[in-house]
Protein chains: 2
Amino acid sequence: MDSRGQIRHIGGGQFSRNQIAMNDQSQKNRRLYRMTERAKTQDETRARIIAATMQLHDEKGVTATSFVDVAKRAGIGAATVYRHFPNMGSLVTACGTHVWEEMAPPTPDQAEELFSGLDRREDRLKRLVDEVYDFYARGSLRLGKAYADREHFPELDQFLLAVETGIQALVRKAVTPAVTSQTTLELVYALTDFAVWTSMQRVSGDEAARRHHLARLIGCALTEPPHP
Amino acid sequence: MDSRGQIRHIGGGQFSRNQIAMNDQSQKNRRLYRMTERAKTQDETRARIIAATMQLHDEKGVTATSFVDVAKRAGIGAATVYRHFPNMGSLVTACGTHVWEEMAPPTPDQAEELFSGLDRREDRLKRLVDEVYDFYARGSLRLGKAYADREHFPELDQFLLAVETGIQALVRKAVTPAVTSQTTLELVYALTDFAVWTSMQRVSGDEAARRHHLARLIGCALTEPPHP
DNA sequence: CATTCCACGGAATATTTATTCCGTCAATAA
DNA sequence: TTATTGACGGAATAAATATTCCGTGGAATG
(Lines give C-alpha, C1' and ligand atoms only; values in the text may rest on other atoms or scores of the structure.)
Protein backbone atom coordinates (compact mmCIF):
# COMPACT_ATOMS: atom_id res chain seq x y z
CA MET A 1 0.00 0.00 0.00
CA ASP A 2 2.25 2.72 1.28
CA SER A 3 4.95 1.89 -1.17
CA ARG A 4 6.91 5.12 -1.15
CA GLY A 5 9.53 5.05 -3.85
CA GLN A 6 7.74 2.38 -5.82
CA ILE A 7 5.96 2.86 -9.08
CA ARG A 8 2.60 4.06 -7.90
CA HIS A 9 -0.79 3.75 -9.37
CA ILE A 10 -3.84 4.72 -7.45
CA GLY A 11 -7.21 3.11 -7.16
CA GLY A 12 -5.90 -0.39 -6.86
CA GLY A 13 -3.78 0.04 -9.94
CA GLN A 14 -6.17 -1.20 -12.56
CA PHE A 15 -6.65 2.05 -14.36
CA SER A 16 -3.56 4.21 -14.24
CA ARG A 17 -2.77 5.64 -17.63
CA ASN A 18 0.80 4.67 -17.11
CA GLN A 19 -0.28 1.18 -16.25
CA ILE A 20 -2.38 0.97 -19.37
CA ALA A 21 0.55 2.17 -21.44
CA MET A 22 2.71 -0.53 -19.85
CA ASN A 23 0.40 -3.19 -21.12
CA ASP A 24 0.80 -1.76 -24.57
CA GLN A 25 3.52 -3.59 -26.48
CA SER A 26 4.89 -0.40 -28.02
CA GLN A 27 6.08 1.18 -24.77
CA LYS A 28 9.76 1.23 -25.76
CA ASN A 29 10.77 4.76 -24.88
CA ARG A 30 8.81 5.37 -21.72
CA ARG A 31 10.46 7.16 -18.87
CA LEU A 32 10.40 5.28 -15.57
CA TYR A 33 8.42 7.26 -13.05
CA ARG A 34 8.87 6.78 -9.36
CA MET A 35 6.90 8.89 -6.97
CA THR A 36 8.30 10.17 -3.72
CA GLU A 37 7.04 13.62 -2.84
CA ARG A 38 3.92 13.25 -4.85
CA ALA A 39 2.92 10.08 -3.15
CA LYS A 40 2.43 12.05 0.03
CA THR A 41 -0.15 14.47 -1.31
CA GLN A 42 -1.77 11.64 -3.16
CA ASP A 43 -2.17 9.72 0.07
CA GLU A 44 -3.51 12.84 1.69
CA THR A 45 -6.14 13.19 -0.98
CA ARG A 46 -7.12 9.61 -0.56
CA ALA A 47 -7.33 10.05 3.17
CA ARG A 48 -9.43 13.16 2.81
CA ILE A 49 -11.84 11.31 0.54
CA ILE A 50 -12.22 8.49 2.97
CA ALA A 51 -12.67 10.82 5.91
CA ALA A 52 -15.34 12.78 4.09
CA THR A 53 -17.11 9.60 3.09
CA MET A 54 -17.17 8.20 6.59
CA GLN A 55 -18.52 11.50 7.83
CA LEU A 56 -21.33 11.39 5.30
CA HIS A 57 -22.05 7.75 5.99
CA ASP A 58 -22.42 8.61 9.64
CA GLU A 59 -24.75 11.48 8.85
CA LYS A 60 -26.92 10.26 6.02
CA GLY A 61 -26.17 6.60 5.63
CA VAL A 62 -24.24 4.76 2.97
CA THR A 63 -26.91 4.57 0.28
CA ALA A 64 -27.72 8.26 0.51
CA THR A 65 -24.11 9.31 -0.04
CA SER A 66 -23.12 10.30 -3.60
CA PHE A 67 -19.81 11.00 -5.30
CA VAL A 68 -20.69 14.66 -5.55
CA ASP A 69 -21.42 14.73 -1.84
CA VAL A 70 -18.07 13.24 -1.08
CA ALA A 71 -16.21 15.61 -3.39
CA LYS A 72 -17.88 18.65 -1.86
CA ARG A 73 -17.25 17.50 1.66
CA ALA A 74 -13.64 16.69 0.89
CA GLY A 75 -13.20 20.01 -0.87
CA ILE A 76 -11.94 18.45 -4.10
CA GLY A 77 -13.24 17.78 -7.58
CA ALA A 78 -15.58 14.93 -8.28
CA ALA A 79 -13.27 13.66 -10.98
CA THR A 80 -10.55 13.19 -8.41
CA VAL A 81 -12.80 11.03 -6.30
CA TYR A 82 -13.46 8.88 -9.35
CA ARG A 83 -9.79 8.47 -10.08
CA HIS A 84 -9.18 7.18 -6.59
CA PHE A 85 -12.30 5.06 -6.43
CA PRO A 86 -13.93 3.96 -9.67
CA ASN A 87 -17.19 3.10 -7.93
CA MET A 88 -18.98 3.43 -4.63
CA GLY A 89 -18.25 -0.14 -3.76
CA SER A 90 -14.51 0.41 -3.71
CA LEU A 91 -14.98 3.51 -1.60
CA VAL A 92 -17.11 1.60 0.83
CA THR A 93 -14.47 -1.08 1.02
CA ALA A 94 -11.78 1.49 1.74
CA CYS A 95 -13.89 2.99 4.49
CA GLY A 96 -14.48 -0.49 5.80
CA THR A 97 -10.78 -1.00 6.30
CA HIS A 98 -10.52 2.18 8.33
CA VAL A 99 -13.65 1.45 10.28
CA TRP A 100 -12.46 -2.04 11.06
CA GLU A 101 -9.29 -0.65 12.58
CA GLU A 102 -11.17 1.98 14.52
CA MET A 103 -13.72 -0.32 16.08
CA ALA A 104 -11.36 -3.28 16.36
CA PRO A 105 -13.86 -6.12 16.20
CA PRO A 106 -13.16 -9.34 18.06
CA THR A 107 -11.19 -11.79 15.95
CA PRO A 108 -11.08 -15.56 16.14
CA ASP A 109 -7.44 -15.59 17.17
CA GLN A 110 -8.16 -13.48 20.26
CA ALA A 111 -10.66 -16.03 21.45
CA GLU A 112 -8.08 -18.41 22.88
CA GLU A 113 -6.40 -16.11 25.35
CA LEU A 114 -9.53 -14.16 26.17
CA PHE A 115 -10.92 -17.00 28.21
CA SER A 116 -7.70 -18.45 29.54
CA GLY A 117 -7.84 -19.02 33.24
CA LEU A 118 -11.58 -18.77 33.41
CA ASP A 119 -12.93 -22.13 34.42
CA ARG A 120 -16.41 -21.37 35.59
CA ARG A 121 -18.90 -20.97 32.81
CA GLU A 122 -20.39 -17.98 34.55
CA ASP A 123 -17.09 -16.17 34.37
CA ARG A 124 -16.62 -17.10 30.77
CA LEU A 125 -20.01 -15.80 29.84
CA LYS A 126 -19.40 -12.58 31.66
CA ARG A 127 -16.16 -12.14 29.79
CA LEU A 128 -17.89 -12.92 26.53
CA VAL A 129 -20.64 -10.40 27.09
CA ASP A 130 -18.21 -7.74 28.21
CA GLU A 131 -16.01 -8.21 25.21
CA VAL A 132 -18.83 -8.23 22.70
CA TYR A 133 -20.79 -5.40 24.26
CA ASP A 134 -17.72 -3.22 24.58
CA PHE A 135 -17.29 -3.72 20.90
CA TYR A 136 -20.89 -2.94 20.03
CA ALA A 137 -20.72 0.19 22.14
CA ARG A 138 -17.57 1.26 20.28
CA GLY A 139 -19.03 0.59 16.87
CA SER A 140 -22.65 1.37 17.59
CA LEU A 141 -23.28 4.13 15.07
CA ARG A 142 -21.44 2.60 12.17
CA LEU A 143 -22.65 -0.91 12.76
CA GLY A 144 -26.17 0.45 12.71
CA LYS A 145 -25.59 2.21 9.40
CA ALA A 146 -23.94 -0.84 7.94
CA TYR A 147 -26.80 -3.11 8.93
CA ALA A 148 -29.34 -0.65 7.53
CA ASP A 149 -27.78 -0.64 4.07
CA ARG A 150 -26.38 -4.11 4.11
CA GLU A 151 -28.63 -5.26 1.31
CA HIS A 152 -27.65 -2.41 -0.96
CA PHE A 153 -23.89 -2.91 -0.76
CA PRO A 154 -22.21 -6.31 -0.96
CA GLU A 155 -19.18 -4.70 0.66
CA LEU A 156 -21.17 -3.92 3.78
CA ASP A 157 -22.42 -7.45 3.83
CA GLN A 158 -18.90 -8.81 3.67
CA PHE A 159 -17.83 -6.49 6.43
CA LEU A 160 -20.65 -7.56 8.70
CA LEU A 161 -20.12 -11.19 7.90
CA ALA A 162 -16.54 -10.82 9.03
CA VAL A 163 -17.67 -9.10 12.20
CA GLU A 164 -20.16 -11.85 12.91
CA THR A 165 -17.58 -14.52 12.27
CA GLY A 166 -15.28 -13.02 14.88
CA ILE A 167 -17.99 -12.81 17.46
CA GLN A 168 -19.19 -16.31 16.86
CA ALA A 169 -15.68 -17.54 17.36
CA LEU A 170 -15.69 -15.91 20.78
CA VAL A 171 -19.02 -17.48 21.56
CA ARG A 172 -17.74 -20.92 20.69
CA LYS A 173 -14.75 -20.50 22.94
CA ALA A 174 -16.83 -19.19 25.78
CA VAL A 175 -19.21 -22.09 25.58
CA THR A 176 -16.60 -24.78 25.04
CA PRO A 177 -15.91 -27.37 26.31
CA ALA A 178 -19.44 -27.86 27.55
CA VAL A 179 -21.41 -30.17 25.36
CA THR A 180 -23.92 -28.09 23.47
CA SER A 181 -25.90 -28.86 20.40
CA GLN A 182 -25.52 -26.89 17.21
CA THR A 183 -28.94 -25.42 17.76
CA THR A 184 -28.08 -24.22 21.22
CA LEU A 185 -24.93 -22.70 19.86
CA GLU A 186 -26.91 -20.85 17.23
CA LEU A 187 -29.25 -19.64 19.91
CA VAL A 188 -26.31 -18.04 21.66
CA TYR A 189 -25.12 -16.59 18.37
CA ALA A 190 -28.49 -14.92 18.08
CA LEU A 191 -28.44 -13.59 21.62
CA THR A 192 -25.03 -12.06 21.12
CA ASP A 193 -25.65 -10.40 17.78
CA PHE A 194 -25.87 -6.69 17.15
CA ALA A 195 -29.62 -6.65 16.64
CA VAL A 196 -30.20 -8.03 20.12
CA TRP A 197 -27.70 -5.58 21.57
CA THR A 198 -29.66 -2.77 19.97
CA SER A 199 -32.88 -4.08 21.45
CA MET A 200 -31.26 -4.53 24.83
CA GLN A 201 -30.12 -0.91 24.86
CA ARG A 202 -33.71 0.12 25.36
CA VAL A 203 -33.87 -1.67 28.68
CA SER A 204 -33.61 0.78 31.55
CA GLY A 205 -30.92 0.51 34.16
CA ASP A 206 -27.21 0.86 33.73
CA GLU A 207 -25.05 -0.89 31.21
CA ALA A 208 -23.70 -3.34 33.77
CA ALA A 209 -27.21 -4.47 34.59
CA ARG A 210 -28.01 -5.04 30.94
CA ARG A 211 -24.92 -7.12 30.51
CA HIS A 212 -25.86 -9.12 33.54
CA HIS A 213 -29.29 -9.76 32.07
CA LEU A 214 -27.86 -10.96 28.82
CA ALA A 215 -25.33 -13.22 30.49
CA ARG A 216 -28.15 -14.75 32.47
CA LEU A 217 -30.21 -15.29 29.35
CA ILE A 218 -27.31 -16.99 27.66
CA GLY A 219 -26.94 -19.17 30.71
CA CYS A 220 -30.58 -20.16 30.35
CA ALA A 221 -30.12 -20.91 26.70
CA LEU A 222 -27.25 -23.23 27.53
CA THR A 223 -29.42 -25.21 29.91
CA GLU A 224 -30.72 -27.61 27.33
CA PRO A 225 -34.24 -28.79 27.96
CA PRO A 226 -35.93 -31.87 26.54
CA HIS A 227 -38.05 -30.91 23.58
CA PRO A 228 -41.36 -32.69 22.99
CA MET B 1 -63.17 7.93 2.29
CA ASP B 2 -65.26 6.07 -0.22
CA SER B 3 -67.90 8.73 -0.28
CA ARG B 4 -69.58 7.97 -3.56
CA GLY B 5 -71.95 10.74 -4.46
CA GLN B 6 -70.23 13.26 -2.22
CA ILE B 7 -68.15 16.15 -3.37
CA ARG B 8 -64.82 14.51 -3.90
CA HIS B 9 -61.37 15.84 -3.73
CA ILE B 10 -58.39 13.54 -3.92
CA GLY B 11 -55.20 13.50 -2.00
CA GLY B 12 -56.79 14.01 1.36
CA GLY B 13 -58.68 17.01 0.13
CA GLN B 14 -56.21 19.75 0.94
CA PHE B 15 -55.35 20.70 -2.60
CA SER B 16 -58.25 20.11 -4.93
CA ARG B 17 -58.73 23.03 -7.26
CA ASN B 18 -62.42 22.88 -6.57
CA GLN B 19 -61.69 22.95 -2.89
CA ILE B 20 -59.46 25.95 -3.27
CA ALA B 21 -62.18 27.74 -5.19
CA MET B 22 -64.62 26.93 -2.41
CA ASN B 23 -62.46 28.73 0.07
CA ASP B 24 -62.51 31.73 -2.20
CA GLN B 25 -65.22 34.16 -1.16
CA SER B 26 -66.14 34.99 -4.75
CA GLN B 27 -67.42 31.56 -5.72
CA LYS B 28 -70.94 32.74 -6.46
CA ASN B 29 -71.66 31.07 -9.78
CA ARG B 30 -69.83 27.79 -9.38
CA ARG B 31 -71.56 24.66 -10.51
CA LEU B 32 -71.88 22.00 -7.86
CA TYR B 33 -69.98 18.93 -8.94
CA ARG B 34 -70.80 15.55 -7.51
CA MET B 35 -68.87 12.55 -8.67
CA THR B 36 -70.38 9.14 -9.12
CA GLU B 37 -68.93 7.27 -12.06
CA ARG B 38 -65.74 9.17 -11.99
CA ALA B 39 -65.05 8.32 -8.41
CA LYS B 40 -64.66 4.72 -9.38
CA THR B 41 -61.83 5.23 -11.84
CA GLN B 42 -60.29 7.69 -9.48
CA ASP B 43 -60.23 5.13 -6.75
CA GLU B 44 -58.80 2.64 -9.17
CA THR B 45 -55.97 4.98 -10.04
CA ARG B 46 -55.23 5.52 -6.40
CA ALA B 47 -55.28 1.81 -5.77
CA ARG B 48 -52.95 1.18 -8.68
CA ILE B 49 -50.51 3.76 -7.37
CA ILE B 50 -50.48 2.20 -3.95
CA ALA B 51 -50.09 -1.29 -5.32
CA ALA B 52 -47.19 -0.21 -7.52
CA THR B 53 -45.55 1.54 -4.61
CA MET B 54 -45.83 -1.42 -2.28
CA GLN B 55 -44.37 -3.60 -4.99
CA LEU B 56 -41.38 -1.28 -5.37
CA HIS B 57 -40.94 -0.97 -1.64
CA ASP B 58 -40.79 -4.72 -1.43
CA GLU B 59 -38.23 -4.90 -4.21
CA LYS B 60 -35.94 -1.93 -3.66
CA GLY B 61 -36.89 -0.52 -0.31
CA VAL B 62 -38.71 2.67 0.56
CA THR B 63 -35.89 5.15 0.22
CA ALA B 64 -34.88 3.85 -3.20
CA THR B 65 -38.38 4.27 -4.63
CA SER B 66 -39.05 7.46 -6.62
CA PHE B 67 -42.18 9.06 -8.02
CA VAL B 68 -41.08 8.23 -11.52
CA ASP B 69 -40.59 4.62 -10.53
CA VAL B 70 -44.08 4.46 -9.15
CA ALA B 71 -45.62 6.11 -12.20
CA LYS B 72 -43.86 3.73 -14.56
CA ARG B 73 -44.81 0.69 -12.55
CA ALA B 74 -48.41 1.83 -12.27
CA GLY B 75 -48.49 2.63 -15.97
CA ILE B 76 -49.64 6.21 -15.46
CA GLY B 77 -48.16 9.67 -15.68
CA ALA B 78 -45.95 11.02 -12.95
CA ALA B 79 -48.18 14.08 -12.67
CA THR B 80 -51.06 11.87 -11.70
CA VAL B 81 -49.10 10.36 -8.89
CA TYR B 82 -48.37 13.85 -7.62
CA ARG B 83 -52.01 14.84 -7.69
CA HIS B 84 -52.93 11.88 -5.55
CA PHE B 85 -49.97 12.18 -3.23
CA PRO B 86 -48.18 15.51 -2.95
CA ASN B 87 -45.10 13.93 -1.38
CA MET B 88 -43.55 10.60 -0.66
CA GLY B 89 -44.54 10.79 2.95
CA SER B 90 -48.23 10.76 2.14
CA LEU B 91 -47.73 7.85 -0.22
CA VAL B 92 -45.87 5.95 2.45
CA THR B 93 -48.68 6.65 4.87
CA ALA B 94 -51.27 5.38 2.40
CA CYS B 95 -49.26 2.21 1.86
CA GLY B 96 -48.96 1.90 5.61
CA THR B 97 -52.72 1.75 5.95
CA HIS B 98 -52.93 -1.06 3.44
CA VAL B 99 -50.01 -2.89 4.92
CA TRP B 100 -51.46 -2.58 8.38
CA GLU B 101 -54.62 -4.27 7.22
CA GLU B 102 -52.74 -6.97 5.37
CA MET B 103 -50.45 -7.94 8.21
CA ALA B 104 -53.00 -7.25 10.92
CA PRO B 105 -50.68 -6.43 13.81
CA PRO B 106 -51.71 -7.28 17.35
CA THR B 107 -53.65 -4.45 18.95
CA PRO B 108 -54.00 -3.58 22.62
CA ASP B 109 -57.70 -4.37 22.64
CA GLN B 110 -57.09 -7.93 21.52
CA ALA B 111 -54.85 -8.50 24.49
CA GLU B 112 -57.65 -9.06 26.97
CA GLU B 113 -59.37 -11.98 25.31
CA LEU B 114 -56.21 -13.50 23.88
CA PHE B 115 -55.14 -14.72 27.28
CA SER B 116 -58.52 -15.40 28.79
CA GLY B 117 -58.72 -18.81 30.37
CA LEU B 118 -54.97 -19.26 30.45
CA ASP B 119 -53.90 -19.35 34.06
CA ARG B 120 -50.48 -20.90 33.90
CA ARG B 121 -47.77 -18.47 32.94
CA GLU B 122 -46.24 -21.05 30.69
CA ASP B 123 -49.42 -21.21 28.64
CA ARG B 124 -49.67 -17.48 28.52
CA LEU B 125 -46.14 -17.15 27.27
CA LYS B 126 -46.69 -19.76 24.63
CA ARG B 127 -49.76 -17.92 23.46
CA LEU B 128 -47.84 -14.66 23.45
CA VAL B 129 -44.99 -16.04 21.39
CA ASP B 130 -47.34 -17.73 18.96
CA GLU B 131 -49.33 -14.59 18.43
CA VAL B 132 -46.34 -12.34 17.97
CA TYR B 133 -44.34 -14.75 15.84
CA ASP B 134 -47.29 -15.49 13.61
CA PHE B 135 -47.48 -11.78 13.06
CA TYR B 136 -43.78 -11.38 12.35
CA ALA B 137 -43.93 -14.26 9.90
CA ARG B 138 -46.87 -12.61 8.14
CA GLY B 139 -45.19 -9.23 7.94
CA SER B 140 -41.60 -10.35 7.69
CA LEU B 141 -40.61 -8.73 4.40
CA ARG B 142 -42.31 -5.41 4.92
CA LEU B 143 -41.37 -5.07 8.55
CA GLY B 144 -37.77 -5.58 7.50
CA LYS B 145 -38.00 -2.88 4.87
CA ALA B 146 -39.73 -0.53 7.26
CA TYR B 147 -37.08 -0.99 9.93
CA ALA B 148 -34.31 -0.48 7.39
CA ASP B 149 -35.60 2.92 6.32
CA ARG B 150 -37.21 3.94 9.56
CA GLU B 151 -34.84 6.82 10.04
CA HIS B 152 -35.50 8.25 6.62
CA PHE B 153 -39.29 8.40 6.87
CA PRO B 154 -41.16 9.64 9.93
CA GLU B 155 -44.18 7.78 8.60
CA LEU B 156 -42.38 4.47 8.86
CA ASP B 157 -41.34 5.35 12.35
CA GLN B 158 -44.93 6.06 13.33
CA PHE B 159 -46.05 2.82 11.79
CA LEU B 160 -43.46 0.80 13.65
CA LEU B 161 -44.15 2.61 16.87
CA ALA B 162 -47.79 1.59 16.55
CA VAL B 163 -46.76 -1.99 15.85
CA GLU B 164 -44.50 -2.02 18.87
CA THR B 165 -47.18 -0.53 21.06
CA GLY B 166 -49.58 -3.31 20.17
CA ILE B 167 -47.06 -6.01 20.87
CA GLN B 168 -46.02 -4.50 24.14
CA ALA B 169 -49.63 -4.46 25.22
CA LEU B 170 -49.77 -8.20 24.59
CA VAL B 171 -46.61 -8.68 26.54
CA ARG B 172 -48.02 -6.82 29.50
CA LYS B 173 -51.15 -8.92 29.51
CA ALA B 174 -49.18 -12.13 29.17
CA VAL B 175 -46.99 -11.24 32.08
CA THR B 176 -49.72 -9.83 34.31
CA PRO B 177 -50.65 -10.29 37.09
CA ALA B 178 -47.26 -11.54 38.17
CA VAL B 179 -45.27 -8.89 39.93
CA THR B 180 -42.49 -7.82 37.62
CA SER B 181 -40.32 -4.78 37.65
CA GLN B 182 -40.35 -2.24 34.88
CA THR B 183 -36.90 -3.37 33.86
CA THR B 184 -37.95 -6.98 33.60
CA LEU B 185 -40.89 -5.93 31.52
CA GLU B 186 -38.60 -4.02 29.18
CA LEU B 187 -36.42 -7.06 28.93
CA VAL B 188 -39.38 -9.03 27.66
CA TYR B 189 -40.23 -6.21 25.28
CA ALA B 190 -36.76 -6.59 23.86
CA LEU B 191 -36.99 -10.34 23.55
CA THR B 192 -40.27 -10.10 21.68
CA ASP B 193 -39.30 -7.40 19.23
CA PHE B 194 -38.82 -7.84 15.51
CA ALA B 195 -35.06 -7.58 15.61
CA VAL B 196 -34.82 -10.56 17.95
CA TRP B 197 -37.28 -12.48 15.81
CA THR B 198 -35.04 -11.85 12.83
CA SER B 199 -32.02 -13.09 14.72
CA MET B 200 -33.91 -16.12 15.95
CA GLN B 201 -34.84 -17.08 12.43
CA ARG B 202 -31.24 -18.06 11.83
CA VAL B 203 -31.45 -20.74 14.47
CA SER B 204 -31.79 -24.17 12.90
CA GLY B 205 -34.69 -26.45 13.67
CA ASP B 206 -38.32 -25.93 12.92
CA GLU B 207 -40.38 -22.90 13.75
CA ALA B 208 -42.06 -24.59 16.70
CA ALA B 209 -38.70 -25.26 18.27
CA ARG B 210 -37.64 -21.65 17.87
CA ARG B 211 -40.81 -20.48 19.52
CA HIS B 212 -40.21 -22.87 22.33
CA HIS B 213 -36.73 -21.49 22.81
CA LEU B 214 -37.98 -17.96 22.94
CA ALA B 215 -40.75 -18.78 25.38
CA ARG B 216 -38.20 -20.42 27.62
CA LEU B 217 -35.92 -17.40 27.44
CA ILE B 218 -38.78 -15.13 28.39
CA GLY B 219 -39.52 -17.43 31.27
CA CYS B 220 -35.93 -17.01 32.41
CA ALA B 221 -36.16 -13.27 32.07
CA LEU B 222 -39.19 -13.27 34.32
CA THR B 223 -37.34 -15.12 37.03
CA GLU B 224 -35.98 -12.07 38.70
CA PRO B 225 -32.61 -12.52 40.30
CA PRO B 226 -31.02 -10.39 42.99
CA HIS B 227 -28.67 -7.92 41.37
CA PRO B 228 -25.50 -6.93 43.20
C1' DC C 1 17.54 22.73 -16.76
C1' DA C 2 14.80 20.78 -20.36
C1' DT C 3 11.65 17.24 -20.82
C1' DT C 4 8.29 14.08 -19.36
C1' DC C 5 4.73 12.66 -16.40
C1' DC C 6 0.35 12.64 -14.09
C1' DA C 7 -2.85 14.06 -10.11
C1' DC C 8 -6.08 17.46 -9.93
C1' DG C 9 -10.31 19.76 -10.88
C1' DG C 10 -13.06 22.87 -14.05
C1' DA C 11 -16.16 22.06 -17.39
C1' DA C 12 -18.82 19.42 -20.72
C1' DT C 13 -22.08 15.63 -21.38
C1' DA C 14 -25.49 12.26 -20.27
C1' DT C 15 -28.97 10.50 -17.11
C1' DT C 16 -32.17 10.36 -13.72
C1' DT C 17 -35.44 12.44 -10.78
C1' DA C 18 -38.43 16.26 -9.19
C1' DT C 19 -42.12 19.21 -10.13
C1' DT C 20 -45.28 21.99 -12.70
C1' DC C 21 -48.10 23.48 -16.75
C1' DC C 22 -51.64 22.92 -19.64
C1' DG C 23 -54.51 20.73 -23.32
C1' DT C 24 -57.63 16.80 -23.88
C1' DC C 25 -61.62 14.23 -23.10
C1' DA C 26 -64.96 11.85 -20.69
C1' DA C 27 -68.04 12.64 -16.81
C1' DT C 28 -71.34 15.68 -14.82
C1' DA C 29 -74.74 19.24 -14.34
C1' DA C 30 -78.71 21.85 -15.80
C1' DT D 1 -78.09 18.67 -25.57
C1' DT D 2 -74.76 22.03 -24.31
C1' DA D 3 -71.75 24.12 -21.07
C1' DT D 4 -68.81 23.04 -17.27
C1' DT D 5 -65.65 20.46 -14.49
C1' DG D 6 -61.49 18.16 -13.28
C1' DA D 7 -58.58 13.70 -13.57
C1' DC D 8 -55.17 12.38 -16.54
C1' DG D 9 -50.73 12.46 -18.70
C1' DG D 10 -47.56 14.44 -22.37
C1' DA D 11 -44.32 17.71 -22.28
C1' DA D 12 -41.67 21.46 -20.42
C1' DT D 13 -38.59 22.96 -16.77
C1' DA D 14 -35.48 22.54 -13.06
C1' DA D 15 -32.03 20.42 -10.61
C1' DA D 16 -29.21 16.84 -8.83
C1' DT D 17 -26.00 13.01 -10.15
C1' DA D 18 -23.09 10.29 -12.77
C1' DT D 19 -19.24 10.12 -15.63
C1' DT D 20 -15.78 11.62 -18.81
C1' DC D 21 -12.56 14.93 -21.14
C1' DC D 22 -8.86 17.72 -21.15
C1' DG D 23 -5.80 21.70 -19.85
C1' DT D 24 -2.71 23.09 -16.13
C1' DG D 25 0.90 23.19 -12.88
C1' DG D 26 4.08 21.27 -10.21
C1' DA D 27 6.76 17.00 -9.33
C1' DA D 28 10.01 13.60 -11.23
C1' DT D 29 13.60 12.23 -14.37
C1' DG D 30 18.05 12.27 -16.66
Side-chain angles (χ1 to χ4, degrees), chain A residues 4-11 13 15-22 27-49 56 60 63-91, chain B residues 4-11 13 15-22 27 29-49 56 60 63-89 91:
Chain A
R4 205 61 46 81
Q6 300 290 318
I7 297 178
R8 289 183 59 95
H9 40 87
I10 60 183
F15 43 85
S16 160
R17 291 171 189 181
N18 199 343
Q19 191 69 10
I20 290 169
M22 297 292 268
Q27 50 98 21
K28 7 192 168 176
N29 47 4
R30 187 140 182 73
R31 180 189 282 185
L32 191 60
Y33 204 78
R34 303 168 187 287
M35 306 222 289
T36 53
E37 276 294 305
R38 244 182 182 183
K40 236 178 297 174
T41 59
Q42 202 172 279
D43 286 346
E44 276 174 26
T45 299
R46 181 187 163 90
R48 199 174 313 139
I49 291 171
L56 289 166
K60 331 178 3 175
T63 302
T65 299
S66 71
F67 275 91
V68 178
D69 278 337
V70 172
K72 277 181 191 162
R73 181 65 65 96
I76 63 180
T80 302
V81 179
Y82 274 94
R83 190 168 322 95
H84 280 263
F85 303 97
N87 50 57
M88 263 300 165
S90 60
L91 222 187
Chain B
R4 208 58 49 78
Q6 299 291 317
I7 296 176
R8 290 185 58 96
H9 40 87
I10 59 183
F15 43 87
S16 158
R17 293 171 189 181
N18 198 345
Q19 191 70 9
I20 291 168
M22 298 291 268
Q27 50 99 20
N29 47 7
R30 187 140 184 72
R31 179 190 284 187
L32 192 60
Y33 204 79
R34 300 169 187 289
M35 305 220 292
T36 53
E37 277 294 305
R38 244 182 182 184
K40 235 178 297 175
T41 57
Q42 201 172 280
D43 286 346
E44 277 174 25
T45 299
R46 181 188 163 90
R48 199 174 314 141
I49 292 171
L56 290 166
K60 330 176 10 176
T63 302
T65 299
S66 71
F67 274 91
V68 177
D69 279 336
V70 172
K72 278 181 191 161
R73 180 64 64 97
I76 63 180
T80 302
V81 180
Y82 274 94
R83 191 171 319 96
H84 280 263
F85 303 97
N87 50 60
M88 262 301 166
L91 222 187

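All chains are named by letter (A, B, ...) in the order of the sequence lines, taking the proteins before the strands, and each is independently numbered beginning at 1.
Distance NZ (B/K40) to C1' (C/dA26): 14 Å, rounded to an integer number of Å. Atom pair A/F85:CZ and D/dA18:C1' shows a separation of 17 Å (rounding to whole Å applied). Across the protein-nucleic acid pair, A/Y82 atom OH and C/dA7 atom P stand 19 Å apart, rounded to whole Å. Atom P of nucleotide C/dA7 and atom CZ of A/R48 are separated by 16 Å, given to the nearest angstrom.
Applying the side-chain contact (heavy atoms from CB on, under 4.5 Å) test to A/R73 and every residue at least two apart in sequence or in another chain returns A/A52, A/Q55, A/L56, A/E59. Take A/K60 and apply the side-chain hydrogen bond (donor to acceptor under 3.5 Å, both in side chains) test, not counting sequence neighbours, and it matches A/D69. Among residues two or more places apart in sequence or in another chain, the side-chain hydrogen bond (donor to acceptor under 3.5 Å, both in side chains) test is passed with A/T63 by A/D149. With sequence neighbours excluded, the residues that form a side-chain hydrogen bond (donor to acceptor under 3.5 Å, both in side chains) with A/S90 are A/N87.
Interatomic distance, B/E44 CD to B/R48 CZ, rounded to the nearest 0.5 Å: 6.5 Å. Between atom OG1 of residue A/T45 and atom CZ of residue A/R83 there is a gap of 9.5 Å, rounded to the nearest 0.5 Å.
Sequence order on DNA chain D of the closest nucleotides to A/A79 and A/T65 puts A/T65 first from the 5' end.
Within residues 66-74 of chain A, no residue has any heavy atom under 4.0 Å from DNA chain C.
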Would you tabulate the pairs of protein nitrogen or oxygen atoms and nucleotide nitrogen or oxygen atoms of nucleotides 25-27 of chain D closer than 3.5 angstrom?
from	atom 1	to	atom 2	distance (Å)
D/dG25	N2	A/R38	NH2	3.2
D/dG26	N2	A/R38	NH2	2.7
D/dA27	N3	A/Y33	OH	3.4

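The two residues B/I49 and B/V81 come nearest to each other via the heavy atoms CD1-CA, 4.0 Å.
Listed pair A/T41 / C/dA7 fails the phosphate criterion, with no side-chain N or O lying under 4.0 Å from OP1 or OP2. A/T80 has no side-chain polar atom (N or O) that falls below the 4.0 Å cut-off from OP1 or OP2 of C/dA7.
Nearest nucleotide to the side chain of A/A78, out of C/dA7, D/dT19, D/dG9: D/dT19.
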